[in-house]
Structures are given as C-alpha cells and as structure tokens.
Amino acid sequence: MSASEKSVKKTVRPRILIIDDDPSFLTSMRLVLEQDYEVTEAQSIAQSLAAFDEQAPDLITLDIRMPGIDGMQGLDMFRHRSDMIPIILISGYHTFELAQQALRFGATDYLIKPFKIQELHQAVKTALAKACHDENSGLNLIDSNADFMVRLPLENLKEDKFLSLRHRNHFLTFAQNVLSNKKPAFEKIAAYELIKTIDLQFQALRLVENVACEIAHSDRTAQIECDMYLLGGALANLALTCMMATRSDKSPITLVFDDSGKELRLLYKKSDRQLPEDLRTRYERWHQHRNSSLDADTTMLALAEKVVQLHQGQFILNASSGSLLKITLPLN
C-alpha cells in the first residue's frame, strides 16, 4: 500500500444516516455530527432505504414518529437488511410500551428529545464501538472507573463461539452497554414488568422455543428499582450462556421467577445439570487475576455479575442441585 493510500484509509470517517421528517432537526443533527462523521439525511423511510442501499452507512439514527411508514416499521425493515448495523431510536416521549417495541425490533440504543449534545455523541460513539471488529486489537472492555476489565481476544469472537450470529451481536451490544460511560437509568417498576421485558429479549433473540419462563410466584404489586434494559439484557444473555455451556443437552433452559417475600429470585435450570467445571474454573481464575483474557462465556458471567451487583443483588453459580445459576434482587 502506498503512502497516499494509507493516508486516504486513515481519513475515512464513519457514515451516519439520519432519518427524521423535521428539516430543522436534521440540520441540527448534521451540524453536531458532521465534524466527526460523514452524514446523510433522509426525511422518510422510503428515502432512507434508498440511501441505505446506495451508501451502506455505519450507523442509523431513526425518529419513531414518521409520516407513512413509522420508525418502528422502518427499524424492522432495516433489521431485515442487516442484523449488525447500530440503530439509535429517537423519540419525543418515553413509555414502557415503546421500550418493549424497541427491544423486539432490535434497536441498539434510544434517545429521548430533547437530549444533550454530549448524550448524542456518547450514544453514537458507543453504538459504533459495538459494531467495530478491529482484527488487530480484539475487544478490550473497561469501565469508566478502571476497576473492572475483561479482555476478549478477537479469536474468541468467532461465530463458532456463539449459538448464532444474532447471539453474538446481542452479546456485543450488551457488553458495551455495561461498560459504557452511560449512567444506569434506575426506575421503580413492577417486578412483573421486568419479567415481561426479559421475555421480549428472548423473542428478539428468537429463543422462545429454547428458553421457558416459569413464574413460581408473582405478586403483581411487588416493585423493583432497576435499569430494566441493562438488567433485562444481563438476564437474557445469561440464558444464552447457559445454553452455550450445556449445548450437548438439547432440552430447553427454564428460567424460574419468584417474587414472594422481599427479593426477586431467579433460577436457571436445565434438566438436572450444573455449569461445567471448566467454565467455573476459568471464571474463578478471572476473579483472582482480573487482567487475564477470557472466552465469550466467562466474559458474559463477569458482565452479568457486575450488573447484578449494580442492582444490589447476589449472583451464585450452581447454587443447588439441578440449578445452573441463581440470582437474587432486592424488592421495594
């Protein structure tokens, strides 16, 4: 490669497709982003699909309220074109139902208008990092306090390390969410709503035939204070990890919920199995030497434990006979 070719390669900037029917909002977004990215605008889903096919953007921001085909329908269309491209949904309002739809159709992140410039930059930076596969450096995940690190070499991100490409994408999205600088959005919700969110995660991952949610007891009035997207992502990915660890057994994972008393208890079960000794050994070794490289399965255990601890909960491997994992979370 010549010096001029290297220079051109270094100056290539990520391409962002901004979709919104408000011209003034498009202008504002362009002014904020064009210093660091190549920006293309579209005022309808039809325009954006043409731009997507012509320019192959690296990231999409998509307003939910659009004329004709709305943003949710557009999100589904983009996901049929690509499982991997980061898509940030933008909305002028926030409801639990909206969050459910976003999860079901595969949004990477969401922003609520009005948002700060720093929030937009952070969301874009984080979303692009999720989709980045640097063959030279692999993936190093470090939190903002530098007291927690997992190093996941590129060879451990190969497709055969996961159940599917969709699983790998979901895993990377969750990993970057856990260790981004974004402050967890804690809110008090019904514990039953959290269970519904987790079930939606399974639907998004097309795992409804492989994971059964069983409610041993549900007090519809029980409340939990949590970031339901972060916690829901952790619990869904743990089910995937249990499936990876026991893939020789084709029976489904059963996730048992019990919110009686003062805590929400979750048990991951599969026949009478427990997690393999090798996985537990590798995980315990990481606990002792935090700078060691990990496989995808041990990385997921480390990240999920961090999320559970953020929620003042407990994370136990092979808690009892026939139990792969046990998680307890405090209720309000």
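In this text, all values refer to a predicted model and were calculated from it rather than measured experimentally. Numbers for residues simply follow the sequence, beginning at 1.
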Query - Residue pair T126, D109: steps toward the side chain to side chain contact (heavy atoms under 4.5 Å, CB included) verdict - result: CA-CA 9 Å; T126 301; D109 202 350; 5.7 Å; no
Query - Carboxylate-amine/guanidinium proximity below 4.0 Å for R65 and D21 - result: no
Query raised in the report: Do R285 and T281 come within less than 4.5 Å of each other through their side chains, counting heavy atoms only?
Result: yes
Requested in this report: Look at the side chain of Q122 and the backbone N and O of E119, then say whether any donor-acceptor pair between them is shorter than 3.5 Å.
Outcome: no
**Report entry** Under 3.5 Å donor-acceptor, K270 side chain and C242 backbone
**Finding:** no
Report task. For M66 and I19, work out which heavy atoms get closest and say how close. Result -> CE-CG2, 3.5 Å
**Report entry** Heavy-atom pair with the smallest gap, counting every atom of F186 and D227
**Finding:** CD2-N, 3.8 Å
Report task. Apply side-chain hydrogen bond (donor to acceptor under 3.5 Å, both in side chains) to T328 and list each qualifying residue two or more places apart in sequence or on a separate chain. Result -> none
**Report entry** Worked verdict on R265 versus L329 for side chain to side chain contact (heavy atoms under 4.5 Å, CB included)
**Finding:** CA-CA 7 Å; R265 291 176 294 280; L329 297 160; over 6 Å; no
**Report entry** Donor on one side chain, acceptor on other, S251 and R273, under 3.5 Å
**Finding:** no
Query raised in the report: Is a side-chain N or O of E193 found less than 3.5 angstrom from the main chain of I189, in a donor-acceptor match?
Result: no
Query raised in the report: So do L194 and L264 actually touch side chain to side chain, heavy atoms under 4.5 Å?
Result: yes
Requested in this report: Could you verify whether a donor N or O on one side chain and an acceptor N or O on the other, from K269 and T254, lie under 3.5 Å apart?
Outcome: no
**Report entry** Closest non-hydrogen atom pair between D297 and T241, with its separation
**Finding:** O-CG2, 3.8 Å
Requested in this report: Hydrophobic side-chain clustering at under 4.5 Å (ILVMFWY, transitive links): who's grouped with I316? Put none if nobody.
Outcome: none
Query - Pairwise distance OG(S24) to CG(L26) - rounded to 0.5 angstrom - result: 8.0 Å
Report task. Apply salt bridge (Lys or Arg N to Asp or Glu O under 4.0 Å) to D20 and K113, showing your working. Result -> CA-CA 12 Å; D20 198 291; K113 297 178 182 177; 3.3 Å; yes
Query raised in the report: Could you state the interatomic distance from CD (E305) to CD1 (I327), rounded to the nearest 0.5 Å?
Result: 9.5 Å
Query raised in the report: Under a single-linkage definition using a 4.5 Å side-chain heavy-atom cutoff for Ile, Leu, Val, Met, Phe, Trp and Tyr, are V211 and L267 assigned to the same hydrophobic cluster?
Result: no
Query raised in the report: Hey, mind stepping through D249 and S271 against side chain to side chain donor-acceptor pair (under 3.5 Å) and telling me if it holds?
Result: CA-CA 9 Å; D249 180 349; S271 303; 3.3 Å; yes
Report task. For residues F257 and C213, determine if any side-chain heavy atom of one lies less than 4.5 Å from a side-chain heavy atom of the other. Result -> yes
Query raised in the report: Do I195 and L331 belong to the same hydrophobic cluster, where Ile, Leu, Val, Met, Phe, Trp and Tyr are linked whenever their side-chain heavy atoms lie under 4.5 Å apart, directly or via other members?
Result: yes
Report task. Indicate yes or no: does R13 engage E38 in a salt bridge with an N to O separation below 4.0 Å. Result -> yes
Query raised in the report: Rounded to the nearest 0.5 Å, how far does CD of E187 lie from CD1 of I224?
Result: 11.5 Å
Query - Flag, side chain of R15 to backbone of A56, donor-acceptor distance under 3.5 Å - result: yes
Query - Verdict with reasoning, Y192 to I215, per side chain to side chain contact (heavy atoms under 4.5 Å, CB included) - result: CA-CA 9 Å; Y192 186 73; I215 302 176; 3.7 Å; yes
**Report entry** salt bridge (Lys or Arg N to Asp or Glu O under 4.0 Å) between R282 and E284, intermediate numbers included
**Finding:** CA-CA 6 Å; R282 287 184 284 117; E284 290 167 3; over 6 Å; no
Query raised in the report: In terms of side-chain geometry, is the basic nitrogen of R280 or E277 positioned less than 4.0 Å from the acidic oxygen of its partner?
Result: yes
Requested in this report: Could you state whether L31 and Y37 fall into the same hydrophobic cluster, counting links through intermediate Ile, Leu, Val, Met, Phe, Trp or Tyr residues with side-chain heavy atoms under 4.5 angstrom apart?
Outcome: no
Query raised in the report: Would you say the side-chain atoms of T108 pair up with the backbone N or O of I87, donor to acceptor, closer than 3.5 Å?
Result: yes
**Report entry** side chain to side chain contact (heavy atoms under 4.5 Å, CB included) between M72 and L89, worked out
**Finding:** CA-CA 9 Å; M72 283 300 183; L89 280 185; 3.9 Å; yes
Query - Atom pair SG/CG of C226 and L231 - distance to nearest 0.5 Å - result: 5.5 Å
Requested in this report: Spell out, yes or no, whether I253 and L317 are grouped together once hydrophobic residues are joined by side-chain heavy atoms under 4.5 Å, including indirect joins.
Outcome: yes
Query - Connected via hydrophobic side-chain network under 4.5 Å: L235 and V256 - result: no
Query - Shortest non-hydrogen separation from T61 to I16 and the atoms involved - result: CG2-CG2, 4.4 Å
**Report entry** K306 to F315, cation-pi by 6.0 Å centre distance and 45° axis angle
**Finding:** no
Report task. May I ask you to test the E263-P330 pair for a side-chain heavy-atom distance under 4.5 Å? Result -> no
Report summary line: Scanning both residues in full, the closest heavy-atom pair of Y268 with A239 reads CE2-N, 3.6 Å
Query raised in the report: With respect to L62, which candidate in I88, I45, I90, L17 satisfies the side-chain contact (heavy atoms from CB on, under 4.5 Å) definition?
Result: I45
Query raised in the report: Side chains of I64 and Y110: does their closest heavy-atom pair fall under 4.5 Å?
Result: no
Query raised in the report: How long is the span from the NZ atom in K125 to the CD atom in Q118, to the nearest 0.5 Å?
Result: 13.0 Å
Query - Check: M300 and L240 side chains under 4.5 Å, non-hydrogen atoms - result: no
**Report entry** With D53 via side-chain hydrogen bond (donor to acceptor under 3.5 Å, both in side chains) - residues at least two apart
**Finding:** R81
Query raised in the report: What heavy-atom pair brings I18 and R30 nearest, and what distance separates the two atoms?
Result: CD1-N, 4.1 Å
